[in-house]
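The structure under discussion appears below in the form of structure tokens.
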Amino acid sequence: MKIYIIKIGGSVITNKNKPLSFKRVQLVKIIKSIYKIYKEGVRLIIIHGGGSFGHYFAKKYNLHKKQENYSKIGISHTKFAMRKLNNLVAKEFIKNNLPIFPIEPCNLHTNKNISSLIKNLLQKNFVLITYGDVVFTIKNGFKITSGDELVKLLSNTIKPTKVIFLSDVDGVYNNKGELITKIKPEEEFLSDIKFSKSKDATGEMKNKIKESIEIAKKFCPVWVINGKKPERLIELHKTGKTIGTIIKN
């Protein structure tokens with residue numbers, strides 16, 4: 001099977017400056033491009049970020065910082081907000097005729113049979129959807145697992161053909177403001193990358209690139225492209241290239 005993991009950044013489908021704001025129109029444009037790829041037989045796993053839903057409460061209650069006693073009400077608010085955003089996202093996929101099957105983030109960490117479940121659902125041609133969230137495991141307790149972390153976890157599970165991050169910018173930039181078109185995993189380049197001054201609860205672009213390097217080393221090329229220009233997703237699928245950054249051995 002040809003399998004794509006597509007991570008839709010929270011900054012693409014929400015307004016991070018306005019709590020609980022959903023960019024439905026922008027998501028629908030992305031979904032229409034995803035639908036065209038789906039119709040060509042590509043199996044799809046969709047992961048979305050928290051944006052102004054999960055990140056708002058995670059930062060408000062300091063859930064992104066390591067601590068012994070997490071705010072229980074903060075965890076409740078964050079999980080409820082992420083469930084709400086996931087429902088909004090899932091609704092639009094269904095309205096656009098894509099057969100989705102939601103996967104709970106906690107199950108990706110705790111269900112020993114998750115690999116077989118995912119492979120079977122993909123073979124049945126479902127579009128799997130999951131998202132960054134607060135998770136709990138007996139071994140590690142509570143932690144925020146970002147959408148970017150789930151991309152790596154799922155890559156280890158199903159070994160995708162391609163991983164695509166849909167960001168709110170054209171790709172990864174250097175400190176001179178120039179788009180970096182290609183990154184080799186063995187290069188020491190993080191000090192040359194321009195990172196946003198506004199930090200979300202999961203580390204933004206820096207964390208994304210670190211996870212992408214691990215994926216590119218082991219499995220497949222990773223692309224960072226502009227989710228606000230979903231036609232580039234189609235171009236990448238059809239031609240193997242587009243405007244953006246590729247992390248590739």
Side-chain angles (χ1 to χ4, degrees), residues 4-40 42-60 76-105 121 125-134 144-148 150-151 154 163-171 196 198 200-202 204-205 208 223-237 242-244:
Y4 291 178
I5 296 178
I6 300 175
K7 159 69 191 308
I8 305 175
S11 59
V12 179
I13 56 172
T14 74
N15 181 354
K16 283 196 171 184
N17 296 319
K18 184 179 180 182
L20 306 180
S21 61
F22 178 52
K23 295 181 180 178
R24 189 190 71 82
V25 173
Q26 182 61 52
L27 175 63
V28 170
K29 290 178 181 178
I30 294 170
I31 290 174
K32 290 185 183 299
S33 289
I34 289 173
Y35 180 79
K36 292 177 182 177
I37 295 171
Y38 172 79
K39 293 299 287 182
E40 292 192 6
V42 179
R43 302 304 202 265
L44 297 167
I45 298 178
I46 309 297
I47 301 168
H48 67 80
S52 64
F53 285 71
H55 289 296
Y56 170 73
F57 289 107
K59 290 181 73 175
K60 181 177 179 179
S76 299
H77 275 302
T78 304
K79 291 194 70 66
F80 180 78
M82 285 309 304
R83 188 72 63 87
K84 181 177 181 179
L85 177 58
N86 184 244
N87 285 341
L88 291 170
V89 171
K91 180 180 178 181
E92 297 305 325
F93 271 82
I94 294 169
K95 282 169 64 176
N96 284 275
N97 220 23
L98 280 158
I100 61 146
F101 194 100
I103 303 288
E104 285 290 328
L121 288 168
N125 216 7
F126 278 98
V127 176
L128 307 188
I129 293 187
T130 190
Y131 52 93
D133 198 10
V134 180
I144 290 179
T145 183
S146 70
D148 298 343
L150 293 180
V151 171
L154 284 162
V163 169
I164 305 166
F165 287 94
L166 300 182
S167 181
D168 60 347
V169 291
D170 285 344
S196 171
S198 61
D200 65 17
T202 54
E204 288 193 301
M205 186 65 81
K208 191 189 310 296
W223 281 86
V224 181
I225 65 174
N226 197 331
K228 296 178 180 178
K229 299 177 181 178
E231 67 276 6
R232 292 181 183 172
L233 186 57
I234 297 295
E235 183 180 40
L236 177 58
H237 167 64
T242 190
I243 295 171

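The distance from the OG atom of Ser52 to the CG atom of Leu20 is 6.0 Å, given to the nearest 0.5 Å. A distance of 10.5 Å separates CD1 of Ile164 from CD1 of Ile5, quoted to the nearest 0.5 Å. Here the NZ-CG distance, from Lys23 to Asp168, works out to 7.5 Å after rounding to the nearest 0.5 Å. Atom CZ of residue Phe53 and atom OG1 of residue Thr14 lie 7.0 Å apart, to the nearest 0.5 angstrom. In this structure, Lys29 NZ and Leu233 CG are separated by 14.5 Å, a value rounded to the nearest 0.5 Å. With rounding to the nearest 0.5 angstrom, the CZ atom of Arg83 is 4.5 Å from the OH atom of Tyr131.
Minimum interatomic distance between Gly50 and Met82 (heavy atoms only, all atoms of both residues): CA-SD, 3.4 Å. In this structure, Phe93 and Leu27 approach most closely via the heavy-atom pair CE1-CD1, 4.5 Å. Residues Ile103 and Thr130 come closest through the heavy atom pair O-OG1, 2.8 Å. Here the shortest heavy-atom pairing between Gly227 and Gln26 reads O-NE2, 3.0 Å. Residue Pro99 comes nearest to Tyr38 through the heavy atom pair CG-OH, 3.2 Å, listed as atom of the first residue, atom of the second, then distance. Contact between Asp133 and Thr78 at its shortest, heavy atoms only, is OD1-O, 4.5 Å.
Salt bridge Arg232/Glu235: absent, no basic N to carboxylate O contact under 4.0 Å.
For the pair His237/Glu40, a side-chain contact is recorded, criterion being any heavy-atom separation below 4.5 Å from C-beta on. The shortest distance between side-chain heavy atoms of Leu150 and Thr145 falls below 4.5 Å. Considering only heavy atoms from C-beta on, Leu85 comes within 4.5 Å of Phe22 through its side chain. Asn86 is listed as a side-chain neighbour of Ile129, based on a closest heavy-atom distance under 4.5 Å. You'll find the side chain of Ile45 stays beyond 4.5 Å of the side chain of Tyr4, heavy atoms only. Inter-residue side-chain proximity for Asp148 and Phe165 is flagged as met; some heavy-atom pair is nearer than 4.5 Å. Two residues are said to be in side-chain contact when any heavy atoms from C-beta on lie closer than 4.5 Å; Ile13 and His48 meet this criterion. Within the 4.5 Å cutoff, the side chain of Ile8 has no heavy atoms near those of the Ile47 side chain.
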Show your working on side chain to side chain contact (heavy atoms under 4.5 Å, CB included) between Asp170 and Lys229 and close with a plain yes or no.
CA-CA 9 Å; Asp170 285 344; Lys229 299 177 181 178; 4.2 Å; yes

Any chance you could lay out the side chain to side chain contact (heavy atoms under 4.5 Å, CB included) test for Val42 and Leu44, step after step, and finish with the verdict?
CA-CA 6 Å; Val42 179; Leu44 297 167; 4.0 Å; yes

Determine whether Ile225 and Ile243 satisfy the following criterion, side chain to side chain contact (heavy atoms under 4.5 Å, CB included), listing intermediate values before the conclusion.
CA-CA 7 Å; Ile225 65 174; Ile243 295 171; over 6 Å; no

Step-by-step side chain to side chain contact (heavy atoms under 4.5 Å, CB included) determination, Phe101 to Leu128:
CA-CA 5 Å; Phe101 194 100; Leu128 307 188; 3.8 Å; yes

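In this structure, the side chain of Ser21 engages the main chain of Asn15 through a donor-acceptor pair within 3.5 Å. Between the side chain of Ser33 and the main chain of Ile234, no donor-acceptor pair closer than 3.5 Å is present. Lys79 places a side-chain N or O within 3.5 Å of a backbone atom of Val134 that can act as its donor or acceptor partner. Judged by distance alone, with hydrogens and angles left aside, the side-chain atoms of Glu92 form no donor-acceptor pair with the main-chain N or O of Asn87 at under 3.5 Å. Remark: side-chain polar atoms of Ser167 are not paired, donor with acceptor, to backbone N or O of Val224 under 3.5 angstrom.
A search for ring pair (Phe, Tyr, Trp, His ring centres under 6.0 Å) contacts involving Phe57 returns His77, not counting sequence neighbours. Tyr56 is linked by a side-chain contact (heavy atoms from CB on, under 4.5 Å) to Pro19, Lys60, counting only residues two or more places apart in sequence or in another chain.
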